[in-house]
Amino acid sequence: KQEVTQIPAALSVPEGENLVLNCSFTDSAIYNLQWFRQDPGKGLTSLLLIQSSQREQTSGRLNASLDKSSGRSTLYIAASQPGDSATYLCAVSPAPSGSARQLTFGSGTQLTVLP
Amino acid sequence: SQTIHQWPATLVQPVGSPLSLECTVEGTSNPNLYWYRQAAGRGLQLLFYSVGIGQISSEVPQNLSASRPQDRQFILSSKKLLLSDSGFYLCAWTLVQQAQYFGPGTRLTVL
């Protein structure tokens with residue numbers, strides 16, 4: 001059974017700092033990995049999707065990397081801003097065994113960027 | 001562009017009452033649809049998913065049920081709510097090989 005772990009559970013940084021969020025998964029047979037952002041009381045916003053054949057994806061100040069063999073992904077946020085404060089979740093999709101693509105989620109990292 | 005709607009946004013219901021939450025997707029066809037629950041202080045739990053009209057798979061045995069009467073409509077129901085059904089319910093959609101996208105959620109409080 002796939003398990004996804006995110007460390008740390010919470011992180012507080014001053015504005016402007018570069019930071020890294022970690023995600024690890026136990027079964028390397030994944031189809032893709034997705035990073036989400038969740039603001040309090042809101043739904044999840046998709047940030048980046050990395051296919052299993054890819055090493056990284058970038059969107060603006062965000063860069064996500066994937067090392068499938070070691071079961072790890074990182075989300076790098078450059079020049080953090082108070083607006084980046086949210087809970088960040090990673091989720092993995094299993095290798096093809098049907099079309100459902102159920103995701104297994106980590107428990108998230110709660111990020112606070114202090115002005 | 002694709003959008004996903006959920007309603008109601010918030011709901012307060014007494015124990016033992018029925019439930020119906022609705023999710024609709026616009027701008028796509030034949031999506032996979034999902035219902036998740038996020039309880040306070042806990043992670044996302046997949047409840048149901050559907051790969052087509054009338055096709056529902058349940059991940060967790062419970063007093064909830066789901067239906068997909070139309071291609072882009074997904075409904076979560078219960079005949080009698082329990083206190084433990086309180087939580088934040090999220091609907092999501094995806095197409096094969098693409099990212100999963102979530103709706104704004106429904107906050108359910110069972111009293």
Side-chain angles (χ1 to χ4, degrees), chain A residues 1-7 9-10 23-25 30-54 57-59 62 64 66 73 75 86-110, chain B residues 1-11 21 23 25 30-53 55-60 66 68 74 87-109:
Chain A
K1 178 185 175 183
Q2 178 73 271
E3 293 183 2
V4 180
T5 303
Q6 292 188 245
I7 295 174
C23 172
S24 61
F25 45 95
I30 65 169
Y31 189 76
N32 57 42
L33 183 146
Q34 198 168 350
W35 281 94
F36 295 89
R37 167 188 173 137
Q38 187 176 28
D39 294 286
K42 305 292 185 182
L44 277 65
T45 300
S46 178
L47 297 174
L48 290 164
L49 173 72
I50 309 178
Q51 302 293 348
S52 61
S53 58
Q54 297 175 321
Q57 281 287 329
T58 298
S59 176
L62 304 180
L66 174 64
S73 176
L75 179 67
T87 296
Y88 290 80
L89 296 141
C90 72
V92 296
S93 175
S97 60
S99 63
R101 295 286 181 268
Q102 301 98 307
L103 294 179
T104 301
F105 281 85
S107 54
T109 294
Q110 186 174 354
Chain B
S1 63
Q2 300 91 355
T3 56
I4 179 169
H5 303 280
Q6 286 187 245
W7 65 89
T10 59
L11 192 59
L21 303 182
C23 170
V25 181
N30 303 315
N32 290 345
L33 296 172
Y34 307 81
W35 277 112
Y36 292 88
R37 177 171 59 203
Q38 190 175 37
R42 300 179 64 181
L44 277 155
Q45 180 186 35
L46 178 64
L47 302 175
F48 300 95
Y49 65 91
S50 171
V51 299
I53 296 174
Q55 301 179 60
I56 308 295
S57 296
S58 174
E59 288 293 296
V60 182
R68 185 170 176 174
F74 205 21
F88 192 47
Y89 287 82
L90 290 159
C91 180
W93 72 274
T94 188
L95 296 175
V96 176
Q97 299 183 16
Q98 295 188 17
Q100 196 163 121
Y101 298 97
F102 283 75
T106 294
R107 174 74 57 192
L108 172 65
T109 303

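Within every chain, numbering begins at 1; the chains are lettered A, B, ... in the order of the sequence lines, protein sequences first and strands thereafter.
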Is the backbone of B:Leu46 close enough, under 3.5 Å, to the side chain of A:Gln102 for a donor and an acceptor to pair up by distance? no

Quick check on A:Gln2: does its CD atom have over 12 non-hydrogen neighbours (other residues, nucleotides or ligands) under 6.0 Å away? yes

Indicate yes or no: at least one non-hydrogen side-chain atom of B:Leu44 is less than 4.5 angstrom from one of A:Leu44. yes

Does A:Leu103 reach the side chain of B:Tyr36, with side-chain heavy atoms less than 4.5 Å apart? yes

State the OG-CD distance between A:Ser93 and B:Gln98, to the nearest 0.5 angstrom. 12.5 Å

Any A:Phe105 side-chain heavy atom under 4.5 Å of B:Gln38 side chain: no

How close do A:Gln38 and B:Phe88 get, heavy atom to heavy atom, and via which atoms? NE2-CE2, 3.9 Å

Proximity breakdown for B:Gln45 and chain A, heavy-atom pairs closer than 4.5 Å: neither

For A:Gln51, check side chain to side chain contact (heavy atoms under 4.5 Å, CB included) against everything at least two apart and list the hits. A:Tyr31, A:Asn32, A:Leu49, A:Ser53, A:Gln54

Non-hydrogen atoms of B:Gln100 and A:Ser46 that approach each other most closely: O-CB, 4.1 Å

Quiz: residues 3-11 of chain B side-chain donor-acceptor pairs under 3.5 angstrom, not counting sequence neighbours:
unit_1	atom_1	unit_2	atom_2	d
B:Thr3	OG1	B:Glu26	OE1	3.2
B:His5	NE2	B:Glu26	OE2	3.4
B:Gln6	OE1	B:Cys91	N	3.0
B:Gln6	OE1	B:Gly105	N	3.0
B:Gln6	NE2	B:Tyr89	O	3.0

